[in-house]
Amino acid sequence: MSGLRGAAAVVGIGQTPYYKRGTSPDSEMKLALRAIVAAAEDAGLDPAEIDGFVSYGSERNTGQKLMPGLGTRSLRFAGLAWTHGGGIPAAVGLAAMAIYAGQADVVVVYRAMAEGSNQRLQVAVTQDDTPAQFLANGIDMVLQRSAMRTQRMIEHEGVPRETLEAIAQAGYHHAQQNPQAVGYGTPLSHDAYEASRYISEPYHLFDCSRENDGAAAVILVSAERARTLKQTPAYLLSCPMGASATMGSREDNHEPYTSVGFIDLAKRMWRESGYGPEDVDVAQIYENFTGMAVGTMIDHGFCTAETAGDVLQLDNLVAPDGGIPINTSGGNIADGFIHGMGLVLEAVRQIRGTSTNQVPGAKLSMMAGGPGDSVTSTALFGSEATL
Amino acid sequence: MAATARIRGGIGADGPFWDALDAGEFRIARCRGCNEWLMPAHFRCGTCGSWDIGWDEVDATGIIYAWTRNHAVSDVLKERRGALPYVTALVELPQAGGARLPGVIVGDPPNLRIGARVRGTIRPPEERSRGYATMVWQIEDDSAPATRVGETEA
Ligand SMILES: [Zn+2]
């Protein structure tokens, strides 16, 4: 097992409200500051103590720009994890590595997005790196490529298309208990799902995540320091990032094609943590699109293509009693989408016991990064008892 | 038309692919050191280490490997809105080591399915293709609806 296992923990979480896309009253920079300061207050730390800054995707609100507003005493570590949503757990892992290596003591991982001050999706999310082979042929970096992969998963591998609706329903079901969620107060019925228009087959409108303005942040410190602070620590047990030999940037020539990139990462995570999918109490599964989340569940070993129809049923995916509750704040689809960063906060809340859809006694809380990214990452958080 | 680097995303080693389409030819990258087909094209063959990458002309035929019918597109593809709904696919090229190439499927064929055989034609540069000549694909009339790609002949 890795020396990194349990070496650092999340001790503070903070976020701004999720604003409807394009309606944030604040700039991205101010949103980032608000989320980071909120995370510091949650941890009982002075924001000036933060000496490490890590983000992912194309985050442009860098540590060096934030530090005058935070009163930073010394910026000792800064980094950006490749790639898009696939970089989220990797960013948390970078923070833990910096702490473990003695390069920083208080590291914030954050993401801020606002329509007014950044160009959406193509730049903010996908870094403007859609290859010509796709763009020239009317194929978007994320939507259509994901839709084609899901279509093959259904048509060729026999995964029931009802699994997509189950993922969407789980998010909306949990959002009804979370007053902060964008989907709060608007439950999703089977009929409404079925009746919603197609975006890119097999995806209906409700298979697609929402975009919001806002910011979210988590603060990590060493395990020793975490035990002296006021919040229940969420220890990082394992957080592998990467791509196996047949993955990486292959313009959909990766193998196996319907994998969303987690097969080897999950094996590393189970090995490094000493736990397996059957031990996980609750999971936040990044769903840009529902079908990609189905791929994440299969890659991690929660089910196979053959058993997906049995495992990925709404009753089994919801707190408090489901076998593997997912996206308990509503997820990207029904909570809100700050490039997936909200999922990290919810994974931590489950260890603290403070989720609005708490899984009773949750000790092992997983968070998977962006599925289908050419390099991605996944994380397992645990309570003190899991160390 | 100089096709290199008009779109900056991707690896950027596929300039000759677009130049070939402009010249009416369908060419796929292939390592001269070990004969491996390279999709996407790269500057160096990761299998044998050769920097000598050639471009072999291949038949414009393939098999639908995955597909989607698009009903809405983001602003990134706003030039395509007038053509909605349209079908895109990954086309498998058995004659190029099974390389998979993204492309538009012409029309809205009733026999659209994974495993269907397609034939390509080159469409001249358009605004909606960002100024690139593109290979578009038509399902072969005799490509009968089968059930699974694994059960088709090739
Ligand atoms: Zn070679």
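Here is how names work: the chains are called A, B, and so on, in the same order as the sequence lines, proteins then strands, and each is numbered from 1. Only this structure's heavy atoms are used, side chains among them; waters, hydrogens and symmetry mates stay out.
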Student: Under the side chain to side chain donor-acceptor pair (under 3.5 Å) rule, what do A/Ser209 and A/Asn288 come out as? Steps first, then yes or no, please.
Tutor: CA-CA 5 Å; A/Ser209 60; A/Asn288 40 11; over 6 Å; no

Student: Excluding sequence neighbours, so at least two apart, what forms side chain to side chain contact (heavy atoms under 4.5 Å, CB included) with A/Ala136?
Tutor: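 Per chain and number, A/Ala136 pairs via side chain to side chain contact (heavy atoms under 4.5 Å, CB included) with B/Trp18, B/Tyr132, B/Thr134.
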
Student: Does the separation of the ring centres of A/Phe337 and A/Tyr18 fall below 6.0 angstrom?
Tutor: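 So the answer is no for these two rings.
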
Student: Let's test your reading of the structure: which of B/Arg100, B/Arg123, B/Glu126 forms the most heavy-atom pairs below 4.5 Å with chain A?
Tutor: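 If we count pairs closer than 4.5 Å to chain A, B/Arg100 comes out on top.
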
Student: I would like to know whether B/Glu36 and B/Thr47 meet side chain to side chain donor-acceptor pair (under 3.5 Å); could you show each step before the answer?
Tutor: CA-CA 8 Å; B/Glu36 181 136 316; B/Thr47 300; 3.0 Å; yes

Student: Is the shortest side-chain heavy-atom distance between B/Asn35 and B/Trp37 below 4.5 Å?
Tutor: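 With C-beta onward as the side chain, the pair stays apart.
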
Student: Of all of A/Gly138, A/Pro202, A/Pro131, A/Ser374, which one pairs up most often with chain B through heavy atoms under 4.5 Å apart?
Tutor: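 The residue among A/Gly138, A/Pro202, A/Pro131, A/Ser374 with the greatest pair count is A/Gly138.
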
Student: Below 4.5 Å, heavy atoms only, C-beta onward: do A/Asn212 and A/Arg21 meet side chain to side chain?
Tutor: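 Not touching, per the 4.5 Å side-chain cut-off.
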
Student: Do the charged groups of A/Asp252 and A/Arg149 touch, with an N to O distance under 4.0 Å?
Tutor: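 Answer for the salt bridge query: yes.
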
Student: So, are B/Asp56 and B/Arg32 salt-bridged, with charged N and O less than 4.0 Å apart?
Tutor: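 A salt bridge links B/Asp56 with B/Arg32.
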
Student: Taking only heavy atoms into account, what residues of residues 78-91 of chain B are found under 4.5 Å from chain A?
Tutor: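 Residues B/Arg80, B/Tyr86, B/Thr88, B/Ala89, B/Leu90 are the ones that qualify, each having a heavy atom under 4.5 Å from chain A.
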
Student: Counting heavy-atom pairs closer than 4.5 Å to chain A, which one of B/Gly103, B/Pro102, B/Gly46 comes out on top?
Tutor: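 Ranked by contacts with chain A, first place is B/Pro102.
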
Student: With sequence neighbours left out, write down each residue that passes side chain to side chain contact (heavy atoms under 4.5 Å, CB included) with A/Glu306, or none if nothing qualifies.
Tutor: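 So A/Glu306 forms a side chain to side chain contact (heavy atoms under 4.5 Å, CB included) with A/Thr304.
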
Student: By number, which residues in residues 255-264 of chain A have some heavy atom less than 4.5 Å away from chain B?
Tutor: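 Listed by number: A/Glu255, A/Tyr257.
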
Student: Can the ring centres of A/His156 and B/Tyr65 be said to be less than 6.0 Å apart?
Tutor: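 No, the ring centres sit 6.0 Å or more apart.
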
Student: Relative to chain A, which segment of B/Asn70 carries a heavy atom at a distance below 4.5 Å: side chain, backbone, both, or neither?
Tutor: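 Both parts, heavy atoms under 4.5 Å.
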
Student: Heavy-atom cut-off 4.5 Å, strictly under: side chain, backbone, both or neither for A/Arg145 against chain B?
Tutor: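 Neither part.
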
Student: Do the non-hydrogen side-chain atoms of A/Ser200 and A/Phe289 ever get within less than 4.5 Å of each other?
Tutor: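 Side chain of A/Ser200 against side chain of A/Phe289, heavy atoms only: no contact under 4.5 Å found.
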
Student: Please confirm whether A/His204 and A/Tyr193 have ring centers closer than 6.0 angstrom.
Tutor: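 Between A/His204 and A/Tyr193, the centre distance is under 6.0 Å.
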
Student: Tell me, for A/Ile199 versus chain B, whether the close heavy atoms (under 4.5 Å) come from the side chain, the backbone, both or neither.
Tutor: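 Both backbone and side chain of A/Ile199 come within 4.5 Å of chain B.
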
